[in-house]
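Positions are given from 1, in the same order as the sequence printed here. Excluded from the calculations below are hydrogen atoms, water molecules and symmetry mates; all remaining heavy atoms, backbone and side chain alike, are included.
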Amino acid sequence: MTTLSLLAQQDFLEREASGRDPIKAISELVWNGLDADAITVRVGFERNALGGVTAITVEDDGTGISPERAEQDFARLGASWKRGKHRTDSGRAVHGKEGRGRLRFFSLAQRAQWHSTSATEDGLVSQRLEIHAKSLGRCEVIPLDAPTRGAPGTVVELTLLKETFDWLVTPDAFRQFSTVFAPYILLYPNTKIWWNGLDVDPNVTIDRWRDLPHRVVQLSDRTIDDLRVKVIEWTQGGDARQIHFGGEDAIVLGSQPAHVTAPGFAFSAYAYSSFFQEIADDNLLELDDLNDPDFTTVLAHIRSELTEYFRERISEQSLGVIQDLKDEGSYPYEGEPRDEIERRERQMFDIATYAVNSYSRDFPKAEPSLKRMTLTLLKEAIKHNPDELTTILRAVIDLPKSKQAELSALLKKTELGHIIGASSLIADRVTALGVLRGMVFDSRFRNTVRERGELDALVRENTWLFGEQFHITLAESGLTKVMGRVAEELGSRRGKRKVTKGDGKTGRVDCFLGRSVPHANASKLEFLLVELKRPSLKLGRKELDQVEDYVNAIRNEPEYLHTDTTWNFYLIATEFEAGIEHRFHQRERPRGLFLDGDNFKFWVKSWAEIVRENEARLNFVQEKLRIEVSDEEIEARIAALRQIVLR
C-alpha cells in the first residue's frame, strides 16, 4: 500500500472541495470519466430497505487511472494531467484541468473509493484509491493482485453519506443532471450517460435548441470575439433556468441563474468562450455572487440576447392566434411591416395580443368589430406609450399576478419600448415639420394661414423647433403676463403693475416659451420670446422695430435687471423687404443674430431657416429609422388643424 499526500492544509482542501450542489459534485466525477474517453458513464444509487440512498456510484469505461497517473493527480493539487491538454485521445474536449474535481465528494460523503483498471505494457492493472473526508490530503493507493474487470474503466463509490440524498432519485434531479450533459451528447452522440437507470437522451429531453447569432462583446480593455451561445428548450418543466459557462463547446465549468423572462418555457443556456475558461482557472466561475466587471458585462449581454430570443419565441407561438384575427378582419395592421421599427412594433403587439387572448374571459368570445376596436387601442398604446402597456393590459384583462410580472419584464424592461417610443417621437416631428413646410410654403395654404389660431398652434405644440430645452408655453401672452410668468418662475409676485413699451403702450406677443436652465445657481433662468408672422407677410422695418421695443420693455423691468436670466428673442417670417437683411446678416456674427446684449440675443429667422435647421437635426435619425410621411397625411393634418380653428 502507498500513501500519497497532498502538500496542502486540511482547511484549504475543505474550502476547495466544498459545495452546496450535489448535482454539481456528482457531475465532476462524471466529467472525470468523460475526460478519460469513456463511452458510457453510469450514475447509480444504492438504497436501503426503506428506499433511502446509502451510497452513490459513478462507473465509466474510460482508460482508467494508471499507477503513474494516480501518483501525479492524487499527490498534487492543480497539476492534473489535463492541464496542458485540450483534447482527449479520441479528440473530445477536456473538462477539468486543476485536479480539484476528485475532491468534490467531500460535499456528499465521508469516504470515496476509486476502483480502477488501466492498460499497461504488462496488461491490465487494477488498484483501489481511497480518501477520507477527515484527511483530504491523504490518499491510500492499494494495488490489486488481479484485474477487477476485463477492460479499462473506473468505479467511484461514495459512502458514509453526510445527508439523506433521497431527492437525487427524483425526476427533477434527473432533469437537472440532463441539463448539464445534454449538449455534450449532442456534440458527441456516441456517448451514453445514465442517471439512476435513466438515459440522458437529448431526443427525449430536448424540445428544440438553437445557436444564437454570433456577437462581439466589447469590454473596457479587451474584445470577446469567440462567444457562442446555445439555447435548449426542454420537453418538461422544472427549475432548469440556468446559464452554463464553458471554454469549449459542450463543456460546463460553472453556472449562474438565468434571470431571463421567458413565460412558459423550460430552458437552459450554454455560453462558450475562452474568457470563461480563464475565470474557471482562477476558481471563480462557481461563485454565485461573482461581480467581476468584465464577467458582469458579458453576462448582461447574454441575458439580453436570451430575452430577445424568447420574445421572438412568444411571437412565434402567437402566430395561430394572430392568423385567426387576420382571417376575421380584427387585426389592425395591413400588409407587411414597412421597416424594422414596425416589425418590432408588431412583434410587441402580437405578444400583448396573445396575452389578451389567453387570459381574457371575454375577448375570445367578442364580435370581430369589438376585437378590432380593442386591438386598435392596443396598437396605439404600443406606438405612442409602450412603457404603459402592462398597465393597460391589467385594465383590459384579469391577468394573473405571476403573468403580470413576467409580461411586464418581457415588454417593459427592454430597449424595445424605447426604440418604438423614439421612432414614434421622430415620426411625429417629421410630420410636424412637413405640416409647417406646407403651411408656410405651399401656395394652397400660405396666403390664408394666420399666425394666431393656426401657425402659433403648431408652434405651441412643437416647442422643440427652437430647442429641446424649452418646455413651458403660453399662447398669445401680453408682456405683462410674460413678466408675470417670469416672476412666477422666480418665486415672486408682480401684483397688477403692467409692463409697457417706450411709448407707454402695452405689448402683445404670439408665443412665449421658457424654462429654467440646469445650473448650480437655482436662480439661473433662460427664456424664449417668439413673434410669429403669417407666411403671406413680407417682414419690414416696422415689424423689426416692434420686437426691438419688446426687448427694451422687458430689459427695463426690475425682474429682468436683478435676476440672472438669459433671453432669446425670435422674429420669424417667410420673406424680408429689401434693405433690412443687412441688419441681421452681419460679418463675424451668426446668421440671423440682430442684437447681442449682455444677457440676451435677438434673432431674425425665416421659416425656411427654421425648417432647414430642424430637418438637418432629424435627418440622420429619420434615415436610420426609415420613417416616411406621405403628402396625403400632411394635407390631412393641415385640414384637421384648420377645422379645429373654424369650430
D199: partners by side chain to side chain donor-acceptor pair (under 3.5 Å), with sequence neighbours left out: K192
Do F295 and F275 touch side chain to side chain, with heavy atoms closer than 4.5 Å? yes
Could you check whether any side-chain heavy atom of D281 comes within less than 4.5 Å of a side-chain heavy atom of Q277, counting everything from C-beta outward? yes
Determine whether a donor-acceptor pair (N or O, by modelled atom type, separation under 3.5 Å) exists between the side chain of H95 and the backbone of D35. no
Between T179 (side chain) and Q176 (backbone), is there a donor-acceptor pair under 3.5 Å? yes
Under the 3.5 angstrom rule, does the side chain of H214 hit a backbone N or O of L227 as a donor-acceptor pair? yes
Please confirm whether K230 makes a cation-pi placement over Y270, using NZ or CZ under 6.0 Å from the six-membered ring centre and within 45° of the ring normal. no
Among side-chain atoms of R149 and T117, is any donor-acceptor pair under 3.5 angstrom? no
Cut-off 3.5 Å, side chains only: do E28 and N32 have a donor facing an acceptor? no
Can any side-chain N or O of T223 pair as donor or acceptor with the backbone N or O of Q218 at less than 3.5 Å? no
Determine the interplanar angle of the W31 and Y184 rings, folded into 0 to 90°, and report it as parallel if under 30°, tilted if 30 to 60°, perpendicular if over 60°. perpendicular
Separation between CD1 (I232) and NE2 (H244), nearest 0.5 Å, reads 8.5 Å
Shortest non-hydrogen separation from E248 to Y272 and the atoms involved: O-CD2, 3.0 Å
Which one of F174, W195, F165 satisfies the ring pair (Phe, Tyr, Trp, His ring centres under 6.0 Å) criterion with F45? W195
Can you confirm whether H132 sits close enough to Q110 that some side-chain heavy atom of one is under 4.5 Å from a side-chain heavy atom of the other? no
Compare all side-chain heavy atoms of V229 with those of D211 and state whether any distance is below 4.5 angstrom. no
Matching residue for S118 among P147, S126, P67 - test: side-chain contact (heavy atoms from CB on, under 4.5 Å): P67
What verdict does the side chain to side chain donor-acceptor pair (under 3.5 Å) test give for D226 and S273, after you've listed the backbone C-alpha separation in whole Å, the side-chain angles of each residue and the deciding distance to 0.1 Å? CA-CA 6 Å; D226 64 342; S273 169; 2.7 Å; yes
In the structure I gave you, are the side-chain heavy atoms of I131 and L136 within less than 4.5 Å of one another anywhere? yes
Would you confirm whether D61, through its side chain, and A38, through its main-chain N or O, come within 3.5 Å as a donor-acceptor pair? no
Measure from the side-chain N and O atoms of N196 to the backbone N and O of L168, and report whether any donor-acceptor pair falls under 3.5 Å. no
For the pair R210 and E233, evaluate salt bridge (Lys or Arg N to Asp or Glu O under 4.0 Å) and give the outcome as yes or no after the intermediate values. CA-CA 9 Å; R210 183 186 299 177; E233 297 177 34; over 6 Å; no
Checking T154 against S116 for the side chain to side chain donor-acceptor pair (under 3.5 Å) test, could you report, in this order, the C-alpha distance in whole Å, the side-chain angles of both residues, the deciding distance, and whether it holds? CA-CA 4 Å; T154 301; S116 188; 2.8 Å; yes
Verdict with reasoning, R311 to E316, per salt bridge (Lys or Arg N to Asp or Glu O under 4.0 Å): CA-CA 9 Å; R311 192 184 301 111; E316 290 173 10; over 6 Å; no
Can you check whether A258's main-chain N or O pairs, donor with acceptor, with R303's side chain at less than 3.5 Å? yes
May I ask you to test the P202-S178 pair for a side-chain heavy-atom distance under 4.5 Å? no
Sub-6.0 Å ring centroid separation between F265 and Y309: no
Name the orientation class of the two ring planes belonging to F177 and F181 (parallel below 30°, tilted from 30 to 60°, perpendicular beyond 60°). tilted
Would you say T235's side chain and V204's backbone share a donor-acceptor pair under 3.5 angstrom? yes
Just to verify, what does R47 make a salt bridge (Lys or Arg N to Asp or Glu O under 4.0 Å) with, not counting sequence neighbours? none
Are any non-hydrogen side-chain atoms of N357 and D324 less than 4.5 angstrom apart? no
Before you tell me yes or no, could you show the steps for D37 and T63 under side chain to side chain donor-acceptor pair (under 3.5 Å), namely the whole-Å CA-CA distance, both residues' side-chain angles and the distance that decides it to 0.1 Å? CA-CA 7 Å; D37 260 339; T63 57; over 6 Å; no
Only one of V125, L124, T120 clears side-chain contact (heavy atoms from CB on, under 4.5 Å) with P152; which? L124
Check: L34 main-chain N/O paired with R92 side-chain donor or acceptor under 3.5 Å: yes
With a 4.5 Å cut-off on side-chain heavy atoms, are F105 and R111 touching? no
Examine F267 together with F310 and report whether their ring centres are nearer than 6.0 Å. yes
Evaluation steps, salt bridge (Lys or Arg N to Asp or Glu O under 4.0 Å), between R228 and D249: CA-CA 8 Å; R228 304 171 306 285; D249 287 355; 2.8 Å; yes
Quick one: are the ring centres of Y333 and F349 less than 6.0 Å apart? yes
